[in-house]
There are 2 protein chains.
Amino acid sequence: MELLEATRGLSALAQPSRLQVFRLLIQAGPEGLAAGDIARSLTLAPNTLTAQLHILVEAGLIHSERLGRNVIYRADPEAITQLVTYLVEDCCGGRPEVCAPLSAVLELSCS
Amino acid sequence: MELLEATRGLSALAQPSRLQVFRLLIQAGPEGLAAGDIARSLTLAPNTLTAQLHILVEAGLIHSERLGRNVIYRADPEAITQLVTYLVEDCCGGRPEVCAPLSAVLELSCS
DNA sequence: TCGATATTTCATGTATTATGGAATTATTGG
DNA sequence: CCAATAATTCCATAATACATGAAATATCGA
């Protein structure tokens, strides 16, 4: 992961609608969601949603697949893992106790 | 953590200079760094850096303390933990194996 | 107190980004 | 093939973010 790639990922998430979309897809898991379902779920105009989805795809945080007349979107867990890793890389400054809470909380989120 | 708070945090990190500043402070650990040291380290104009630091402070990701004629900045590990937690909350969609890699990688970053 | 260093504040021009309307492409069912 | 549904693209406008120059504030050492 390099600086501009990470910035693109963070920028993609740094907008309320897109953050909601991403979290929705993260929670939806491997099945993903159709664009229309997302639009209804978050009350977004279809064209606005398309633009936001495109930004998330460009950042590599989600992927799309056409299924019949729907387009299914899915979050990419690998991408978010890399992004978070880049964020807190070498976070301890030589003191493991400083970032221990971080790993602890993340274990919980997967229960 | 709520939507707009998370968005503010992500926006703060979604800019190359600020992301570099934040990572520098994360790696510096509890001692933190003086504004001038950061400016030199990243070759940023002092006033530009101040604006960026202010945004990171507003987002709650870093804190400042005056020490003599310097102002020391430090990253807040708690804040980034909460932000990341919000990002991947309920990330499994009922399938723990999906987000297992995430927690694994984060353990490593603390070694 | 005075000069030097460190940092911040203010004002401004420029560029990027978000949003919504209208038209377009893709797919299914009759 | 035609109508309906799903999603996207194009385009214009409005809002926001960024970097820079100049001035101001705070602290230290002589």
Side-chain angles (χ1 to χ4, degrees), chain A residues 3-25 28 31-75 83, chain B residues 3-25 28 31-75 83:
Chain A
L3 182 64
L4 292 183
E5 188 184 353
T7 305
R8 202 173 326 124
L10 290 164
S11 298
L13 295 170
Q15 202 273 343
S17 299
R18 287 198 299 268
L19 182 51
Q20 288 184 95
V21 169
F22 179 77
R23 279 167 39 90
L24 211 56
L25 291 176
E31 290 121 52
L33 291 171
D37 292 336
I38 300 172
R40 267 182 296 282
S41 201
L42 303 178
T43 335
L44 291 172
N47 55 352
T48 297
L49 176 64
T50 293
Q52 308 290 31
L53 287 169
H54 187 66
I55 290 171
L56 287 165
V57 168
E58 278 294 296
L61 292 167
I62 67 174
H63 299 108
S64 69
E65 178 195 0
R66 178 172 276 278
L67 226 82
R69 64 176 74 172
N70 294 320
V71 176
I72 307 296
Y73 284 88
R74 298 184 182 85
L83 186 56
Chain B
L3 182 65
L4 293 183
E5 189 184 353
T7 305
R8 201 172 326 125
L10 290 164
S11 298
L13 296 169
Q15 202 272 342
S17 300
R18 286 197 299 268
L19 183 51
Q20 287 184 95
V21 169
F22 180 77
R23 278 167 41 89
L24 211 55
L25 291 176
E31 290 120 53
L33 291 171
D37 291 336
I38 301 172
R40 267 183 297 281
S41 201
L42 303 178
T43 334
L44 291 172
N47 55 354
T48 297
L49 176 63
T50 293
Q52 308 292 30
L53 287 169
H54 188 67
I55 291 172
L56 288 165
V57 168
E58 278 293 296
L61 292 167
I62 67 175
H63 299 109
S64 68
E65 177 195 2
R66 179 173 275 277
L67 226 83
R69 63 176 74 173
N70 295 320
V71 176
I72 307 296
Y73 284 87
R74 298 184 181 86
L83 186 56

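Sequence lines set the chain letters: A, B, ... in the order given, protein chains first and strands last, and positions in each chain run from 1.
- What you find for Phe22(B) and Leu61(B) is that their closest heavy atoms are CE1-O, 3.8 Å.
- The CG-C1' distance, from Leu49(B) to dC18(D), rounds to 14 Å in whole Å.
- One atom, CG of Leu19(A), and another, P of dA18(C), lie 13 Å apart when rounded to the nearest Å.
- Counting non-hydrogen atoms under 4.0 angstrom, Ala45(B) reaches nothing in the nucleic acid.
- For dT8(C), one of the phosphate oxygens OP1 or OP2 lies less than 4.0 angstrom from a side-chain nitrogen or oxygen of Tyr73(B).
- Tyr73(B) and Ile38(B) get closest at one heavy-atom pair: CB-CD1, 4.4 Å.
- Among the nucleotides dT8(D), dT8(C), dT5(D), the one closest to the side chain of Arg69(A) is dT5(D).
- OP1 and OP2 of dT17(C) both lie 4.0 Å or more from every side-chain N or O belonging to Gln52(A).
- Within the nucleic acid shown, Ala34(B) comes within 4.0 Å of sugar-phosphate atoms alone, with no base atom in reach, counting heavy atoms only.
- The CG atom of Leu13(A) sits 16 Å away from the C1' atom of dT17(C) (whole-angstrom rounding).
- The shortest heavy-atom contact between Ala35(A) and Leu49(A) is O-CD2, 3.1 Å.
- Of the two residues near DNA chain D, Gly68(B) and Thr50(A), the one whose nearest nucleotide lies more 5' is Thr50(A).
- When rounded to the nearest whole Å, the span between CG of Leu56(B) and C1' of dT8(C) equals 16 Å.
- One can place CD of Glu65(B) at 18 Å from P of dA6(C), the figure rounded to the nearest angstrom.
- For Gln15(B), no side-chain nitrogen or oxygen approaches OP1 or OP2 of dT16(C) to under 4.0 Å.
- The only member of Val71(B), Thr48(B), Val21(B) that meets side chain to side chain contact (heavy atoms under 4.5 Å, CB included) when paired with Leu53(B) is Val21(B).
- In this structure, Leu67(A) atom CG and dA6(D) atom C1' are separated by 13 Å, rounded to whole Å.
- Within 4.0 Å (heavy atoms only), Arg18(B) reaches sugar-phosphate atoms of the nucleic acid but no base atom.
- Asn47(A) comes within 4.0 angstrom of a nucleotide base, judged by non-hydrogen atoms across all strands.
- Between the P atom of dT17(C) and the CD atom of Glu58(A) lies a distance of 12 Å, rounded to the nearest Å.
- Among the protein residues, Ile55(A) comes within range of the sugar-phosphate backbone only, with heavy atoms under 4.0 Å from sugar or phosphate atoms but none that close to a base.
- Of the possible donor and acceptor atoms, none in the side chain of Arg74(A) sits under 3.5 Å from a partner among the backbone N and O of Ala28(A).
- Side-chain N/O atoms of Asn70(A) include none lying less than 4.0 angstrom from OP1 or OP2 on dT27(C).
- Atom-to-atom, CG of Asp37(A) to P of dT5(D) comes out at 16 Å; the value is rounded to the nearest Å.
- Residue whose closest nucleotide on DNA chain C sits further toward the 5' end, between Thr48(A) and Arg66(A): Thr48(A).
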